[in-house]
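To start, the structure itself, in structure tokens.
Every value quoted in this text rests on a predicted model; they were computed, and no experiment measured them.
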Amino acid sequence: YLWQQQYEEALEYYRQSLPLQQQIGNRNGEFDVLYNIGLVYGYLESGDIALGYYNTALSIALAQQDRRRESWVLLGIGRLLLYQPPSALPDRTALEYILASLSIAVNIQSKNIVCEAHEVLADLYALQDDYKQSLFHHKEFHRLKQEVFSEDANRRLHKLAAQHRIEKTEKERELFRLKSEQLEQEMEFKLKELASLALHLVEKNAFLDSIRPTLQAITRLTDGEPLSLAHKVLQLIDGNIRSGHDWSVFNEQMQTLSNDFIERLTRRYPVLTPTEVKVCSLLKIRLSTKDIANLMHITTRAVEKHRYQIRKKLDLPSDANLSTFFAAM
């Protein structure tokens, strides 16, 4: 409302704000409201009322030892005395107030206040027909205004550049997150495929084991060429179950899908035996003890023993979940 020159509306909100600032003990906020009320009354050409609010604001700035606000209000009083003088003039003249404000502003290096002070001084000297001084302050005002404008423009540019970098970084981070999620989903799917492969091998070995007794019974009931063929089939079954080919295929897939898990595992824990490394790989895809035993063609008791040795070599507590530990690697 103040910027729109709707002064009565502005005053109404300032009057509502003032007791709230006082209630919460916000002295700086109280100063700002008092200063702005003085400014509004100045625009309304009620110089006496405006001066009262300015003086109250000045007392707060002095008590707070806030030199910047002190300089602002001194300039406000000087401007008031120049443009809308009250009926009862204070002891100091408009020039004295403005020069006092300018001195403080120069000391605290507040270019905005210095710039405004030079503008008001230019008008003051023009009213006194001192055009030489008026011209000097006009030049200082325009010089400083250009500096302030350039600095503000640079700050805005730096802010925009920083905001652009932040937005770019956030977009890159979001893209990276989406790609990571996609890779994780793909990895999870492929690890499930790997687990399916392992279970297929388990089922294959279990099936071959299941037909072995039947073939052994056949060997006891026959002789000659059928007996020879039955023995040959039994040898093929044993060879297939104990063959390292299945493990080579599984190991190759594990290396491809798990970011060289086996290589990193053996490098980090060189004390692990090749058999224990196999057990670790199968635990990573969350196979049960029974499935690991069937796949490796060993007993469940042997798997439990390997799990114990692995936990001991990795220095893990007894309640640590090995599958969870390896899944995180």
Side-chain angles (χ1 to χ4, degrees), residues 1-7 10-11 14 28-29 31-62 64-86 89-161:
Y1 284 121
L2 177 61
W3 293 340
Q4 294 175 5
Q5 298 181 356
Q6 299 181 35
Y7 299 127
L11 274 177
Y14 283 136
N28 289 338
F31 170 92
D32 293 342
V33 173
L34 289 166
Y35 175 87
N36 284 321
I37 292 176
L39 188 64
V40 171
Y41 275 116
Y43 289 140
L44 292 173
E45 298 184 359
S46 300
D48 292 300
I49 302 175
L51 184 60
Y53 280 101
Y54 277 143
N55 282 329
T56 306
L58 179 60
S59 65
I60 293 175
L62 292 172
Q64 297 284 100
Q65 296 184 344
D66 189 329
R67 300 290 282 168
R68 181 177 174 277
R69 283 186 167 85
E70 179 186 353
S71 180
W72 265 123
V73 75
L74 287 173
L75 181 59
I77 295 173
R79 187 189 288 112
L80 178 71
L81 296 178
L82 179 62
Y83 300 121
Q84 297 98 17
L89 295 176
D91 295 335
R92 287 191 283 180
T93 64
L95 178 61
E96 289 172 327
Y97 275 108
I98 299 167
L99 290 177
S101 171
L102 179 61
S103 176
I104 295 171
V106 169
N107 285 334
I108 63 174
Q109 298 181 344
S110 177
K111 285 188 178 181
N112 284 321
I113 302 178
V114 172
C115 183
E116 288 200 23
H118 280 297
E119 182 183 27
V120 179
L121 284 171
D123 288 349
L124 185 148
Y125 284 114
L127 290 173
Q128 295 177 355
D129 296 332
D130 189 343
Y131 298 112
K132 183 177 180 180
Q133 283 292 334
S134 178
L135 179 61
F136 167 78
H137 289 291
H138 265 301
K139 288 181 177 179
E140 286 298 294
F141 163 68
H142 286 291
R143 180 182 65 81
L144 289 168
K145 186 177 181 180
Q146 184 60 41
E147 285 185 14
V148 170
F149 175 80
S150 298
E151 290 173 1
D152 287 345
N154 286 333
R155 277 194 294 270
R156 287 195 295 270
L157 285 173
H158 286 307
K159 185 178 180 180
L160 288 173

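A salt bridge links Arg79 to Glu116: one of the charged nitrogens lies within less than 4.0 Å of a carboxylate oxygen.
Asp32 has its side chain within reach of Arg69: a pair of non-hydrogen atoms, C-beta onward, lies under 4.5 Å apart. For the pair Thr93 and Glu96, the minimum side-chain heavy-atom distance is below 4.5 Å. Counting heavy atoms from C-beta on, the side chains of Val73 and Leu34 never come closer than 4.5 Å. Under the 4.5 Å side-chain criterion, counting only non-hydrogen atoms from C-beta, Leu11 is in contact with Leu44. Side-chain contact between Tyr35 and Tyr54: present, with at least one pair of heavy atoms (C-beta onward) separated by less than 4.5 Å. Between Tyr14 and Leu2, some side-chain heavy-atom pair lies under the 4.5 Å cut-off. Contact of the Leu81 side chain with the Tyr97 side chain is registered, since non-hydrogen atoms from C-beta on lie closer than 4.5 Å. Within the 4.5 Å cutoff, no side-chain heavy atoms of Gln5 are placed close to those of Tyr43.
Counting only distance, with no hydrogens or angles, the side chain of Ser71 and the backbone of Arg68 share no donor-acceptor pair below 3.5 Å. A side-chain donor-acceptor contact under 3.5 Å links Thr56 to the backbone of Gly52.
For the atom pair CG of Leu95 and CG of Leu121, the computed distance is 6.5 Å after rounding to the nearest 0.5 Å. Here His118 contributes atom NE2 and Lys139 contributes atom NZ; the two are 13.5 Å apart, rounded to the nearest 0.5 Å.
Using bins of under 30°, 30° to 60° and over 60° for the plane-to-plane angle, the ring pair Tyr41/Tyr53 lands in the parallel bin.
Pairing each heavy atom of Ala100 with each of Arg92, the nearest pair is CB-NH1, 4.1 Å.
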Test log, rule side chain to side chain contact (heavy atoms under 4.5 Å, CB included), inputs Ile104 and Ile113: CA-CA 9 Å; Ile104 295 171; Ile113 302 178; over 6 Å; no
